[in-house]
Amino acid sequence: MSRKIWVFDTTLRDGEQVPGAKLNLFEKVEIAQQLKKLGVDIIEAGFPASSQGDFDAVKAVAERVGNTSDIMITALARAVKADIDSVYNAVKYAQNPMIHMVLGTSDIHVEKKFSKSKDQILQIGIDAVKYAKTLLPQVQYSTEDASRSDFEYLWKTIEAVMKAGATMINVPDTVGYAEPEQWGEMIGKLAYRMKNTDDSVLLSVHCHNDLGMATANTLAAIKNGADKVECTINGIGERAGNAALEEVVMAIKTRGDIYNVHTNINTKEIMNTSRLVSSFMGLDVQVNKAITGDNAFAHSSGIHQDGLLKSRDAYEIVHPEDVGLEDMELVLTARSGRHAVKNALEKLGFTNLSADEFEGIFEGFLKLADAKKEVYDHDLYVIVEDYYEKHNANHANATHYSEQFFSFDDLQVVSNASFPSASVKIRKGEEVFKSSAVGSGPIDALYSAIASITNVNVKLIEYNINSVSRGQEALGKVKITVEHEGEKFIAKAADTDILKASALAYINAINSIIVSKFIPIAN
Ligand SMILES: CC(=O)SCCNC(=O)CCNC(=O)[C@H](O)C(C)(C)COP(=O)(O)OP(=O)(O)OC[C@H]1O[C@@H](n2cnc3c(N)ncnc32)[C@H](O)[C@@H]1OP(=O)(O)O
Ligand SMILES: CC(C)C(=O)C(=O)O
Ligand SMILES: [Mg+2]
């Protein structure tokens, strides 16, 4: 049986230290509920001494999410009695509460931050643990800035706070200074000494990403005997963030040959958790982010798409299904090749194209792909229709698919406090439609105006906008998720005008819904 690694999630504490990411009580409780579903062992819910709002939120998490014995709820304190009291009073409602306290061990912290001697700081730490132990049996002690600390002083501190009653020792690389090999060696030495002192005390690491090595350092620690890892969803956290939970967990799972450990994480909940955190905190996930980025399972180049169609393992080491996604995505772009385009056409039902017909359609595809960033299914129908209209107007595939799709023509949006309103001009095939609407905001008005034309019943689930370049020509990239008859559709669009990008994304979503209703063409 492989060794179990405890997963301590600090999205609601270190993750919430990201400027602008502050959560209210209800959002914290909802994320905590999702983290429980994900299977984390410990949730660090906040820093109760920092404000009444955070105290109340931590208390609510303890009451509503910590109400079963399979999860531990903690919160952070300085080595200060008032902070420890605050943590205790907030987490004590959980079935399994823990007090987490932090105190620096590096010369920089001891001398410059606290202007104290090492012995004084050591004594403050011991007294704080002893006090916390009078309140709760579970106490975690974090030796802040451990990676820049004198090793023997670090060990002296750990040994002393273990004797004082700490049940978990967390060794942080607070400023992301550690290097995997050196860090792994240090954790190995601590693990050895801790096991020989009291093997019931868990050794934990908390790595930051300032040099992009948080995940690598966390894994090096696991390899060298760490029992527990502190992570955040999407790697968010102070400055460059923390080790990303999804990266550590999937690395362990994918490279079992190296780590031979396991976690309790239900990996199929990873994407749900990532999306919830991203939307509540207003923090977009970088598109190429490992595991949870939009492109992590999207393939766009012809050689890769061909390889994947022949054998998934050619370019896929993590299965999208394992993290809660439906499938990999083969994005059709000007870099796609014949295999991918043929596969997409076949999925739409165009299965019996002759070699000449396919080449003609592929030529049309490349022309459109050069002009557009991505080619969608509804574009393929129009390409097929164009081809047959030019070459064999009597062929069944010369059907006027394009008459069923919507395209954007023009818009005007007025944004003010009382009457945000929008007027749109869109086409269905050659027919032109105009409509206006007032909404709760400019995008709501815009989408209401389009919806009154398309007459397709959709509910907007998620709207996301970010900039994909800089300066005046910056492209606004909009990604939306809509629900139609219980099915979710994701659509994207980019334009220098963000309102136009928003309208295009909505129209793309409507067109995808229309495509989903087509009966596959029988050739
Ligand atoms: C590495 C980490 O992520 S640590 C966690 C970071 N999280 C936070 O800081 C949570 C949010 N913080 C806050 O709300 C506030 O900073 C509070 C409530 C903690 C303290 O607020 P204030 O009392 O106004 O103090 P302020 O933040 O300005 O300064 C920090 C004080 O705590 C002291 N301190 C810092 N770390 C510790 C510690 N681990 N243990 C004991 N004292 C500490 C500092 O020396 C300083 O004390 P001083 O006033 O005697 O110089
Ligand atoms: C509180 C501690 C664990 C911390 O966040 C750090 O040192 O980075
Ligand atoms: Mg931290």
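In each ligand, atom 1 is the first atom listed, and ligand 1 is the first ligand listed.
Counting heavy atoms under 4.0 Å from ligand 1, residue H109 does not touch it at all. Counting heavy atoms under 4.0 Å from ligand 1, residue I124 does not touch it at all. The proximity of M101 to ligand 1, defined as any non-hydrogen pair under 4.0 Å, does not occur for either the backbone or the side chain. Of all the heavy atoms of D14, the ones lying under 4.0 Å from any atom of ligand 2 belong exclusively to the side chain. When non-hydrogen atoms are compared, ligand 1 lies under 4.0 Å from the side chain of V80 (C-beta onward) but not from its backbone. The proximity of R13 to ligand 2, defined as any non-hydrogen pair under 4.0 Å, is limited to the side chain.
Below 3.5 Å of separation, one finds no N or O of D145 facing any N or O of ligand 2. Where the criterion is an N or O separation shorter than 3.5 Å, residue side chain and backbone included, H100 fails it with respect to ligand 2. The distance criterion of under 3.5 Å between nitrogen or oxygen atoms is not met by N170 with respect to ligand 2. For ligand 2, one of its N or O atoms has an N or O atom of H208 under 3.5 Å away.
Exactly one of K28, E27, E238 qualifies for a side-chain contact (heavy atoms from CB on, under 4.5 Å) with E16. That residue is K28. When each of T157, V201, V171, I158 is paired with Y141, the side-chain contact (heavy atoms from CB on, under 4.5 Å) condition holds for T157 and for no other. Among N170, L103, T105, the single residue meeting the side-chain contact (heavy atoms from CB on, under 4.5 Å) criterion with T143 is T105.
The residues E247 and K289 are annotated as salt-bridged, a charged nitrogen and a carboxylate oxygen being separated by less than 4.0 angstrom. Under 4.0 Å is where a charged nitrogen must lie from a carboxylate oxygen, and between E144 and K113 at least one such pair does. With respect to K4 and D227, no salt bridge is recorded, no charged nitrogen being found less than 4.0 Å from a carboxylate O. Using a cut-off of 4.0 Å between Lys/Arg side-chain N and Asp/Glu carboxylate O, K156 and D150 are scored as not salt-bridged.
Residue, atom and distance of the protein heavy atom nearest to atom 40 (N) of ligand 1 are A79 N, 3.1 Å. Considering only non-hydrogen protein atoms, atom 39 (N) of ligand 1 sits nearest to V102 O, 2.7 Å. Atom 1 (C) of ligand 1 has its closest protein heavy atom at E144 OE2, 3.2 Å. Nearest protein heavy-atom neighbour of atom 44 (C) of ligand 1: F114 CE2, 4.4 Å. With respect to atom 32 (O) of ligand 1, the closest heavy atom belonging to the protein is R78 NH1, 2.7 Å. Nearest protein neighbour of atom 12 (N) of ligand 1, counting heavy atoms only, is S50 CB, 4.2 Å. Of the protein's heavy atoms, R13 NH1, 4.0 Å lies nearest to atom 2 (C) of ligand 1. The protein atom (non-hydrogen) at minimum distance from atom 10 (C) of ligand 1 is F47 CD1, 3.4 Å.
For D14, the N, O or S atom closest to the Mg ion (ligand 3) goes by the atom name OD2.
Counting only N and O atoms by type, the side chains of S418 and N416 include no donor and acceptor under 3.5 Å apart. Under 3.5 Å, the side chains of S274 and N234 contain a donor-acceptor pair of N or O atoms.
Computed with the Mg ion (ligand 3) at the centre, the H206 NE2 to H208 NE2 angle is 90°, stated to 10 degrees.
Of the listed options Q17, K113, H208, K113 places a heavy atom closest to atom 36 (N) of ligand 1.
More than 12 heavy atoms of other residues, nucleotides or ligands sit less than 6.0 Å from atom NZ of K118.
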